[in-house]
Peer 1: 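What follows is a single structure, and I will ask about it in a moment.
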2 protein chains.
Amino acid sequence: MKKKLIYEAVKKFNSLGHECNLEISDKLGMSELQVNQLHYLKIIDRTDDMTFGKFAEILKVTKPSVTEIVNKLIKLNVVKKKQCTWDKRIFYIKLTEKGRNIARLPFLAEQKVVDIIAGVLDDEEIDTFIKIIKKL
Amino acid sequence: MKKKLIYEAVKKFNSLGHECNLEISDKLGMSELQVNQLHYLKIIDRTDDMTFGKFAEILKVTKPSVTEIVNKLIKLNVVKKKQCTWDKRIFYIKLTEKGRNIARLPFLAEQKVVDIIAGVLDDEEIDTFIKIIKKL
DNA sequence: AAACGTTAGTTTTAATTGAACTAATATAAA
DNA sequence: TTTATATTAGTTCAATTAAAACTAACGTTT
């Protein structure tokens with residue numbers, strides 16, 4: 001049956017993605033982070049001007065908990081505090097370069113897959129590939 | 001640049017996989033399980049005749065801990081005990097249907113993607129798709 | 001007696017919290 | 001303008017809670 005062959009192709013494509021994922025996450029030293037911490041980074045990444053209070057609300061925990069959580073993330077070099085210029089009580093929680101890369105790992109991995117595709121296929125194959133995927 | 005289009009295609013294909021993943025994991029009620037428990041299921045799935053002692057060795061914990069771990073998995077309906085026929089001291093740890101499905105979610109999701117591909121593309125497109133993926 | 005798993009109770013560890021605290025700001029009366 | 005008062009943002013710290021794993025003792029089967 002044809003499905004067997006399709007399955008092999010799907011599996012191969014996914015494996016390619018997984019390998020890129022693994023390679024990048026290794027390079028970023030991502031294995032030191034817990035699943036929760038990864039989740040935190042994503043929330044911080046997509047929230048403008050994240051403060052401790054805002055973060056506490058989002059996570060539905062108290063502010064001391066946020067202090068604890070953020071301190072751990074700072075120790076891991078994935079987050080930094082940035083004091084607000086006009087109100088010095090306020091500290092923004094910002095991702096470091098490392099933190100941002102980790103938060104956007106799926107995107108980076110996809111980029112890598114794109115590079116592989118662009119490097120291996122010729123122009124006509126690329127057009128065909130894009131056209132076929134578009135139909136799904 | 002062509003990469004933009006390739007990226008869109010890669011992203012779309014991955015999204016398709018993620019959606020299938022999500023749909024199945026929802027249907028299986030997988031969100032009740034912790035990450036560790038998912039890990040346990042995978043270990044149980046790939047180990048023949050898993051006993052409490054063997055599981056304790058693999059996880060490098062004591063047998064009472066395994067008892068507790070397994071009891072929790074039983075409560076979640078993903079695992080069951082099966083007494084050995086010829087030696088009634090021994091209990092095997094077996095996945096339930098639900099547990100097996102959860103352990104093999106990535107496979108199931110890939111199957112679903114395959115079905116979608118088989119349903120949408122015609123024979124020629126499928127051949128092309130397979131041929132292109134093979135080159136990666 | 002030895003092997004397999006369970007039960008009961010303890011230890012350990014991490015996460016969370018409430019309460020008190022510092023620092024910065026806002027408000028408004030003197 | 002200055003000064004007193006209250007409020008807000010985040011921190012520190014001690015205490016609690018909850019989960020995970022352990023030891024020791026036990027029942028059952030071989």
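Quick note: numbers below take in every heavy atom, side chains included, and nothing from hydrogens, waters or symmetry partners. In the text below, chain A, chain B and the rest are named by the order of the sequence lines, each starting its count at 1.
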Peer 1: Would you confirm whether A:Lys54, through its side chain, and A:Asp49, through its main-chain N or O, come within 3.5 Å as a donor-acceptor pair?
Peer 2: yes

Peer 1: Using the rule given for side chain to side chain contact (heavy atoms under 4.5 Å, CB included), can you reason through A:Val78 versus A:Leu95, listing the C-alpha separation, both sets of side-chain angles and the distance that settles it, and then say yes or no?
Peer 2: CA-CA 6 Å; A:Val78 292; A:Leu95 295 182; 5.8 Å; no

Peer 1: Output the distance between atom NZ (A:Lys2) and atom CG (B:Leu121), rounded to the nearest 0.5 Å.
Peer 2: 11.0 Å

Peer 1: Separation of A:Lys81 atom NZ from D:dG10 atom C1', in whole Å?
Peer 2: 7 Å

Peer 1: Counting primed atoms plus P, OP1 and OP2 as sugar-phosphate and everything else as base, spell out the protein contacts along nucleotides 16-30 of chain D at 4.0 Å heavy-atom distance: B, S or - for each nucleotide, 5' to 3'.
Peer 2: ----SBBBB----BS

Peer 1: Kindly state whether the ring of B:Phe107 and the ring of A:Tyr7 have centres lying under 6.0 angstrom apart.
Peer 2: yes

Peer 1: Go through DNA chain C in 5' to 3' direction and return only the first and the last nucleotide with some atom under 4.0 Å of chain A's heavy atoms.
Peer 2: C:dA15 to C:dT25

Peer 1: When we call it a touch if two heavy atoms are under 4.0 Å apart, what does A:Lys54 touch: a base, just sugar-phosphate, or nothing?
Peer 2: nothing

Peer 1: Closer than 3.5 angstrom, by distance alone: can the side chain of B:Asp45 be matched with the main-chain N or O of B:Leu41 as a donor-acceptor pair?
Peer 2: no

Peer 1: Are the ring centres of B:Phe52 and B:Phe91 closer than 6.0 Å?
Peer 2: no

Peer 1: Rounded to the nearest angstrom, tell me the gap between atom CD in A:Glu57 and atom C1' in D:dA9.
Peer 2: 13 Å

Peer 1: Going only through I, L, V, M, F, W and Y residues with side-chain contacts under 4.5 Å, is there a path from A:Ile132 to A:Val120?
Peer 2: yes

Peer 1: Taking the six-membered ring for Trp, are B:Phe13 and B:Phe129 parallel (under 30°), tilted (30 to 60°) or perpendicular (over 60°)?
Peer 2: tilted

